[in-house]
Amino acid sequence: MSVADREAVPVVTVDATPQGRTATALGFAVAGAVAGVLLAVAWSFTFVDSVIGDNIANSLLGHDAKATAIGGSVAGLAFAFVSGLAGTFTACNVAAFGMVPQVTRETTRSGLRGLLAPLGWLTAGSMAVALTYGAVGVLLGDRLPQLSTATTAGGVPVRLVQASVVFGLAGLALLYLGLAALKLVPDPFAGRPRARLVAMGVIIGAFLIGRPFPLFHKLFLYAVADDNPAYGAAVFGLQTLGNMLVMVLVVVIASRLTGGRLLTAPSRRGTVLSGVALVLVGVFLIVYWDVRVPALFGVGWFPTAPWN
């Protein structure tokens, strides 16, 4: 190839300017947001709540979890953990899986022992909320909208109004954290990874505050009837641990399969995966709970997949 020919070949360069990086990050954010909307369209709460959730609970407890009385304090503790595990993939908990890349990125040592610290901080945040809300929830009882059987003037159950508010706020928080991971907005936890993990744990714990999952509702009523704030804290804590168990297993498996390389902190790929995952689940929570659920009661309109 002559000098002239070489000069005629176009040179492809990567736009490494701040504007170029911002445009790329914005593209990732839009992709995550679109995926979140599509997930809200496709989501089948009947399948997830009844087919998956109820079958898991019935199999582990050995009886119909909805139809059978809980039957004592010890049985209530078992019911709490099992119902939490059964609710892992419900729309009021599945967003926790969006935190998996971030948790894995904070691993500073290889192997299972290296995961204990980030998982510990995540669990600390979630348990702080769960234990507090369990005790307070028992004290407030049916004064909470979450336990109300009333409906609004438009026919929307009051407990779903509380769910829409709580999960909408949780969605906004996760969306912001995702945008911060993509460096599109200021990161309130820059240089403070432990604080970020605790904040994510708080969000997981806060899912209890809005959760309308029937098995959780039954557990809540039982705890209120027991009229013991300490017991309420215990069952809510076990409920949250049950919710987190599968997510913890996913974190461990993801770390083992990738040898800690795919999602580690220095990796640009890990940053993008973390940001996109958080944007996806944040948008999903907002759209599902604040657009799709109200639309079920004639408040606005939202499309759903044919299988719903």
Go through the structure and list residues passing side-chain hydrogen bond (donor to acceptor under 3.5 Å, both in side chains) with Tyr288, not counting sequence neighbours. none
Test: salt bridge (Lys or Arg N to Asp or Glu O under 4.0 Å). Region: residues 138-165. Which pairs qualify, not counting sequence neighbours? none
Please list all pairs meeting side-chain hydrogen bond (donor to acceptor under 3.5 Å, both in side chains) that have one or both residues in residues 289-301, counting only residues at least two apart or in different chains. none
Only counting residues at least two apart or in another chain, list the ones meeting side chain to side chain contact (heavy atoms under 4.5 Å, CB included) with Leu39. Trp43, Leu280, Phe284
Excluding sequence neighbours, so at least two apart, what forms ring pair (Phe, Tyr, Trp, His ring centres under 6.0 Å) with Phe89? Phe97
Using side-chain hydrogen bond (donor to acceptor under 3.5 Å, both in side chains) as the criterion, list what pairs up with Asp187, not counting sequence neighbours. Arg196
For Arg192, enumerate each residue passing the side chain to side chain contact (heavy atoms under 4.5 Å, CB included) test, keeping only those at least two apart in sequence or located in another chain. Phe189, Ala195
Restricting to side chain to side chain contact (heavy atoms under 4.5 Å, CB included), what partner residues turn up for Leu38, sequence neighbours left out? Val34
With sequence neighbours left out, which residue pairs that include part of residues 63-82 fulfil the ring pair (Phe, Tyr, Trp, His ring centres under 6.0 Å) condition? none
Is a side-chain N or O of Ser126 found less than 3.5 angstrom from the main chain of Thr123, in a donor-acceptor match? yes
Which atom pairs, one a donor and one an acceptor, fall under 3.5 Å between side chains of residues 69-76 and the rest of the protein, sequence neighbours left out?
none

With sequence neighbours left out, what residues match Leu131 under side chain to side chain contact (heavy atoms under 4.5 Å, CB included)? Met127, Ala233
Enumerate donor-acceptor pairs with a distance under 3.5 Å from any side-chain N or O in residues 202-221 to protein atoms, sequence neighbours excluded.
from	atom 1	to	atom 2	distance (Å)
Arg211	NH1	Gln239	OE1	3.3
Arg211	NH1	Asn243	OD1	2.6
Arg211	NH2	Cys92	O	3.3
Arg211	NH2	Asn93	OD1	3.3
Arg211	NH2	Asn243	OD1	3.1
Lys218	NZ	Ala65	O	2.5
Lys218	NZ	Lys66	O	3.2
Lys218	NZ	Thr68	O	2.3

